[in-house]
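Quick note: numbers below take in every heavy atom, side chains included, and nothing from hydrogens, waters or symmetry partners.
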Amino acid sequence: MQNFDLHNPTHIVFGARTVARLDELVPTKARVLILYGGDSARRTGTLAEVRAALGERDVYEFGGIEPNPSYETLMRAVELIRWEGMDFLLAVGGGSVIDGTKFVAAAVGYEGDPWEIMETHGATVRGALPFGSVLTLPATGSEMNSGSVVSKNATKAKLVFSSPHVFPRFSILDPTKTYSLPLSQVANGVVDAFTHVMEQYMTYPADGFVQDRFAEGLLQTLVEIGLQVLSEPDNYNARANLMWAATMGLNGLIAAGVPEDWSTHMIGHELTALHGIDHARTLAIVLPANMEVRREAKRGKLLQYAGRVWRLTEGSEEQRIDAAIARTRMFFESLGVPTRLREYGIGASQIGAVISQLEAHGMTALGERQDVTLAVSRRILEAGL
Ligand code: NZQ
Ligand code: ZN
């Protein structure tokens, strides 16, 4: 096992009817800016519930943070805060709103051009406004981690930053808030959470026995409840387990002491930036193709995955690896998430542009061994056609 340093300061409040707890979680004298997305927070009544819980505090709103939040929109929130002087942020929404709030929190006091935060992947962040979140979409883990993904429309760049300054102070996870989600977003959440676990597990054996068993438990849980969260949208226990699995999938726990890959995400981000495909759907395309192309480097873990997650114990090593990759693809497809580029209207002639963007963003040595060169990324995309 590798050495590690693990510190996660986010206070989680989990369960039905927990939005009222905001009153004890947000400082009494805070001047609060609520940040939210399109219309869902208002339509579902969550925004009104949040405002009621904040009582007499000075409360402002900033709506319109889009899926795959844009730098352009977020900078309007930064200007508003610099003008009005709010001192506490509250994200109400999914990963995009929480990620956007992290960027805003770091950008308000940033000296220099805030886009540098993204270009340096967070290395230059020296502080951030405090913030909390009310999660409405289980998927990204953003509610309990220090990462954020922001896009610049002007250049079609989708970049990641992380900083210990942008852990949420608290996150409220009420599974009943997910009942109103379109089923396609629920399916996206299952695929995103599954892929997060895979990015931290499907590398090479590193004797992280605990981490491996945690990861396999999360993967098996997602397989077990994947169809149920779609067919029984108001099954509380299914939604609660999805919510907690997604949070645990990317809060630092399973990554501690083991190698990480993340090439599926980096390639996927370029597909979203260029073609507007939902984040999780890009992962459903890239992950099976990635495992196929890098099957030699990942052989040990692929066999472990086949045996422990899918109970594939018969046949040769090649057959078990083939079957495990096929099961992964079938699982995503069973959720209604297509796994081929062609199903999103993308053909071989468009791969070159994706490779150019990876190059422009310095994504030339990805993966747990930094051996995913542009040539390997190209083979992965070709395998995903
Ligand atoms: O905008 P509104 O109207 O609120 O609608 C949203 C949005 O259209 C809707 N929605 C959210 N909660 C709802 C709801 N609709 C009805 N009822 C509810 N309760 O869902 C749509 C998608 O929301 P979004 O926040 O974009 O989805 P998600 O949580 O999947 O976030 C995706 C973003 O997170 C980034 C992705 O790259 C992408 O930009 N990621 C962030 C990570 C992190 N911070 O650690 C890791 C991930 O790998 C991921 O990259
Ligand atoms: Zn993701």
Side-chain angles (χ1 to χ4, degrees), residues 8 10-22 25 40-41 43-46 49-50 53 91-95 97-98 132-145 168 170-198 200-201 210-254 280 283-284 305 308-311 327-328 330-337:
N8 191 315
T10 303
H11 176 175
I12 296 293
V13 173
F14 191 102
R17 294 174 298 281
T18 44
V19 171
R21 296 276 303 274
L22 280 171
L25 294 165
S40 79
R43 203 177 56 238
T44 56
T46 302
E49 210 179 325
V50 164
V92 179
V97 173
I98 303 175
S133 88
V134 174
L135 180 69
T136 64
L137 196 174
T140 64
S142 188
E143 64 278 7
M144 198 179 178
N145 70 37
F170 64 81
S171 285
I172 292 184
L173 276 55
D174 177 345
T176 67
K177 294 287 164 212
T178 73
Y179 292 171
S180 58
L181 279 166
L183 293 183
S184 61
Q185 291 296 345
V186 180
N188 283 354
V190 176
V191 172
D192 195 20
F194 192 94
T195 308
H196 293 157
V197 179
M198 291 293 273
Q200 301 159 89
Y201 167 79
V210 175
Q211 295 89 327
D212 280 3
R213 297 282 187 193
F214 273 147
E216 288 152 0
L218 291 169
L219 295 170
Q220 286 177 307
T221 301
L222 291 166
V223 170
E224 194 175 314
I225 61 176
L227 288 178
Q228 200 178 20
V229 291
L230 298 179
S231 62
E232 301 168 30
D234 51 5
N235 180 326
Y236 180 82
N237 278 323
R239 290 296 173 101
N241 279 293
L242 171 59
M243 205 167 219
W244 192 224
T247 302
M248 292 296 287
L250 193 48
N251 66 358
L253 184 71
I254 62 170
L283 308 176
Y305 170 65
R308 292 197 191 167
V309 176
W310 296 107
R311 312 236 179 271
R327 288 291 184 93
T328 310
M330 274 154 45
F331 176 53
F332 294 163
E333 302 264 353
S334 75
L335 303 170
V337 178

**Request:** Using a strict 4.0 Å threshold on nitrogen-to-oxygen distance, state whether Glu49 and Lys177 make a salt bridge.
**Result:**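 Result for this pair is yes, salt bridge flagged.
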Does [Y] offer a backbone N or O that forms a donor-acceptor pair with the side chain of [X] under 3.5 Å?
X	Y	value
Ser171	Glu143	yes
Asn235	Val229	no
Arg239	Thr176	no
Gln200	His196	yes
Glu216	Tyr201	no
Thr18	Phe14	no
Asp174	Arg17	yes

Test item: [X] and [Y] side chains (from C-beta on) under 4.5 Å apart, heavy atoms:
X	Y	answer
Leu22	Val50	yes
Thr247	Trp244	yes
Val186	Leu242	yes
Leu219	Val223	no
Thr140	Asp192	yes
Val92	Val97	no
Leu230	Pro233	no
Ile254	Val197	yes

**Request:** Check the angle between the aromatic planes of Phe332 and Phe194 and answer parallel, tilted or perpendicular using the 30° and 60° thresholds.
**Result:** perpendicular
**Request:** Show your reasoning for whether side-chain contact (heavy atoms from CB on, under 4.5 Å) applies to Val13 and Leu173.
**Result:** CA-CA 6 Å; Val13 173; Leu173 276 55; over 6 Å; no
Which atom pair, heavy atoms only, marks the closest approach of [X] to [Y]?
X	Y	result
Ala238	Ile225	O-CD1, 3.8 Å
Asn251	Asn145	CA-CB, 4.5 Å
Asn188	Ala280	O-CB, 3.1 Å
Ser142	Pro168	O-CG, 3.8 Å

**Asked** Counting only heavy atoms not in Phe214, do more than 12 sit closer than 6.0 Å to its CZ atom?
**Response**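 No - once you tally the heavy atoms of other residues, nucleotides and ligands closer than 6.0 Å, there are 12 at most.
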**Asked** So does Glu232 have more than 12 non-hydrogen atoms from other groups sitting under 6.0 Å from CD?
**Response**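 Yes.
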**Message:** Using the rule given for side-chain contact (heavy atoms from CB on, under 4.5 Å), can you reason through Arg213 versus Arg308, listing the C-alpha separation, both sets of side-chain angles and the distance that settles it, and then say yes or no?
**Reply:** CA-CA 9 Å; Arg213 297 282 187 193; Arg308 292 197 191 167; 3.5 Å; yes
**Prompt:** Are Tyr179 and Thr44 linked by a side-chain donor-acceptor pair shorter than 3.5 Å?
**Reply:**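 The criterion, which ignores hydrogens and geometry beyond distance, is not satisfied for Thr44 and Tyr179.
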**From CD1 (Ile172) to OG1 (Thr46), nearest 0.5 Å** =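 Here the rounded value is 11.0 Å.
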**Request:** For Met144 and His11, run side-chain contact (heavy atoms from CB on, under 4.5 Å): C-alpha distance rounded to whole Å, both residues' side-chain angles, the deciding distance at 0.1 Å, then the answer.
**Result:** CA-CA 8 Å; Met144 198 179 178; His11 176 175; over 6 Å; no
